[in-house]
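Heads up, the thing below is written out as structure tokens.
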Amino acid sequence: MTATAAVRTETRLLDRRIGRLLVMGWRFHLKTLSQSSFFILVSVLQPVIFASIAFFMFRVGGREGTLLYAALGAGLMGIWSSVLFGSGGAIQWQRWEGTLELLVTAPAPFILVLLPLSLATSSIGIYSLTATLFWGVVFFGIPLQLAHPWLFALAVPTTVISLGLLGLVLASSFVLYRHANALSNLLEYPIWLITGLLVPVSFLPGWVEPLSWLLAPTWGAKSIQAAALGGDPRFPILMCALLGVVYLLIGSRLLRLFERLARGRATLSLT
Amino acid sequence: MRTPVIEAVDLRRTYRTTTGAFRRRPLDVEAVKGVSFEVGEGELFGLLGPNGAGKTTTIKMLITLLLPTSGTARVLGYDVVTDAARVRERIGYVFGGERGLYERLPALDNLRYFAELYGVRPEIQKQRIGYVLDLVGLTGRERERVEGYSRGMRQRLHVARGLLHDPPVVFLDEPTIGVDPVGARELRATIAALTEQGKTVLLTTHYMFEADSLCDRIGVIANGSIIAMGTPRDLKGVVADRTIVEVEAFGVSDAAMASLRAIPGVASVSVEERDQAQLLCVQSHKGVELTQTILGKLDGVKVGRVAVREPTLEDAYVALVTETP
Amino acid sequence: MNSLRVFFVGGVISYRALFNWLRPEIYIPTMLGSPIFQIVFFAKLGDYAGVENDAFFVVGNALQVSAMAGIYGMTMTIANERYFGTLSALLATPAPRLALFLGRAVPLIANGLLISVFGFAVGTLLLDFVLPATGLPGLGVILLVTAFACTSFGLLLGSIGLRARDVFFISNLVYFLMLLLCGVNIRPEALPGWMQSISYALPLTRGIEAARGVVIGGRPFADVAPLVWGELGVGLAYAVGAYVLFRFLEVEARRRGTLETY
């Protein structure tokens, strides 16, 4: 076999390997997460209850027409909660289960081990969107009419993947810190607020808006809202995807740094 | 001289912890103080030592989980610090314990996942999984959730996982701890068979008979340093010229122990707590008949069985650990 | 006399032992950080929905947050004791049960009060909210009674936790349900009838209504006193219920030997 042909085979094998790792890892972690009562709480019950709160508040305030908006908002909030507790929390959970060591010392690059995990946590968020929409339609009579159904079908996975990549950044930050849980609790409400998932950013002080543009959930929310309620989702979808790539780069750098530090400081095993 | 498969050169590892309740002061604890050894191809090497001796820390450095504070280590010629990825591809490691598995999923799913992580080629994954399950005796139970597994079964699953990618070097950290005697015996047989396949094995344990029966060579580690190294026979040689007097006693005081140690010809005295009584082991040099003297010093203490016997590896170990400064 | 000692000493020591995360780096984000954002979130949501005013949400959420401190605290206390295996050791002592567990409640109630005060401060600084000086003594009483009622509720949940496996799940679920049902963000009158009955069966609902009356409506304490009595009654009912349930489970566990199994 010539040198170029050999390299080409090698690359093809490598691609196949990466592909398999991602898909297989994603399915594996999706299965583990779906079995967890905590994640059922965070991805289904919590968003449904928040959706109900929003529905009642909007009804009292006379905003009938925007119940679909509220359902989508609560669903998006659910995706964020899953990513926050799933990616950050999953690292801690792997630590407790004693599997973190195994994942780090596997020959596969750690990023290819962690990425499917974060993608799984954001995919769980699909349960949130489905649950809030279902709840709204059945119990609050929301008419399910999407303005741009095909773009909606594009916006949702783009948002989910991009949030999964943000989860990677979170996960790589939390790998070292034992008390990352305290931080997780703190990041739920603020991100919901800043990224305008339920309350438009215009209701917050002016300096918040530029900040929100750096966060994928902002663009994901805009794209999903535009696709469902009317507007142009294409630019937000693009921004969402772009930010995802940025997160991937940041995440992989961080991961390499933190892994090295963890081996030095020995905080990889038990609490 | 063939290159060693595992090579540790003056490995050291310091931990930084804190002391004090309010103003936390940093404290440096040196867990491993300059450990060096070599393991050749196909050898079964044992690291024997009490709890807290530094066995687990040493093995963690070799499997690239921890960075040494100083010193170097190589596995199959690859440096564990700079070439970690290549080391990881070629080693399997198994640690004792309940944890380290995805509880809510079946064993089969766990193995499939790790097979993928360890880079087992897709076309042979199924066959490898079947092979390792058979090797550890879990065939037929792989579809059950791990959370229902007994301690022994989990341990066997760990071993299966460690062998999935057919690594040439295998590290086992206390592999039979907490396993029932029958299961443990089967596990030991499996471990012994590994070297027959040409694999190199490094094992840590604090069970003497395990080290004695399995290992080609043993390194005795205590307090972070290797205090003796050699074949089981070599180590027993340390106490080869000794006689052991075993006395079953009820309530031996420190003063009595001190007076026993003071008897001329006595090399060491150790006591092991059994359920109701204590087992006193007095090591003395051969040729000196000390049984009566010993019993005389124990006057006033209730005494049960008395036996005189040849030294075992355990006695060598006790001698090394207690007599080395 | 022994009861009092058990009440105070047992309470303080256990609080420190179990809540060893009293270190600032954990206490501040968990106990103080989250509430800030929760209050701001719902105030802004209310703003967007065109419902009520900032003060409505500040009072509601500040009280809810302190309620949750009591509920989480109590359920964690019991769950932790069981987790660390100290529960059976505790039950083996001759100490009177009520004093024992109410002793653990005192630091939690104090903590809850601290958090509500903090919540009001946040409202004053970040939102359109003012605490009238005249209402303060009345508010103090309302806060105390509400904190007590919620801690009792937590005691009941914790006792259920002796049987159920996942207390964490229950207390988190309760957190969300209280946000919806206790008038924190939506007046109970705006909810369907069957939900309203649940609202008034729970602690916190009357406390929030009373607090709003005093702080926002400027009503004298005498006006809202019936609500406060109601809240106290609810608290006592839960305390008694918890006590009864706890004794029942304890006796049964002793007979069946299940206290350690989990």
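All values below come from the heavy atoms of this structure, side chains included, with hydrogens, waters and symmetry mates left out. So you know, we letter chains A, B, ... as the sequences are listed, proteins then strands, and number each from 1.
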First locate atom CG of B/Leu65, then atom CG of A/Leu102, and finally report the distance between them rounded to the nearest 0.5 Å. 9.0 Å
Less than 4.5 Å apart, any side-chain heavy atom of B/Lys60 and any of A/Glu101? yes
Under a 4.5 Å cutoff for heavy-atom pairs, which residue among B/Asp109, B/Val87, B/Asn110 has the most contacts with chain A? B/Asp109
Enumerate by number any residue of residues 70-85 of chain B whose heavy atoms lie under 4.5 Å from heavy atoms of chain A; in the absence of such residues, state 'none'. B/Val80, B/Val81, B/Ala84
Can you tell if the side chain of B/Leu117 reaches within under 4.5 Å of the side chain of A/Leu103, non-hydrogen atoms only? yes
Residue among B/Ile63, B/Leu67, B/Leu105 with most heavy-atom pairs under 4.5 Å to chain A: B/Leu67
Please examine the side chains of A/Thr32 and B/Glu103, heavy atoms only from C-beta on, and report whether any two atoms are closer than 4.5 Å. no
I'd like to know if the side chain of B/Arg88 and the backbone of A/Val104 have a donor-acceptor N/O pair within less than 3.5 Å. yes
Please flag which part of B/Ile91 lies under 4.5 Å from any non-hydrogen atom of chain A: side chain, backbone, both or neither. neither
Is there a salt bridge (charged side-chain N to carboxylate O under 4.0 Å, His left out) between A/Arg16 and B/Glu123? Walk through the geometry before answering. CA-CA 12 Å; A/Arg16 227 181 59 158; B/Glu123 20 333 333; 3.6 Å; yes
Which of parallel (below 30°), tilted (30 to 60°) and perpendicular (above 60°) describes A/Phe28 and B/Tyr113? parallel
Can you find a heavy atom in the side chain of A/Gln35 that is under 4.5 Å from one in the side chain of B/Tyr102? no
For atom CZ of B/Arg145, decide whether the heavy atoms of other residues, nucleotides or ligands shown that lie under 6.0 angstrom number more than 12. yes
Do B/Gln125 and A/Arg20 have side chains that approach each other closer than 4.5 Å (heavy atoms only, starting at C-beta)? yes
Within 6.0 angstrom of B/Tyr207 OH, more than 12 heavy atoms from elsewhere: yes
Between B/Arg86, B/Arg90, B/Arg161, B/His165, who has the most heavy-atom pairs with chain A when the cutoff is under 4.5 Å? B/Arg161
More than 12 heavy atoms of other residues, nucleotides or ligands under 6.0 Å from CZ of A/Arg27: is that the case? no
What option among B/Met61, B/Arg112, B/Glu116, B/Glu89 has the most heavy-atom pairs under 4.5 Å with chain A? B/Glu116
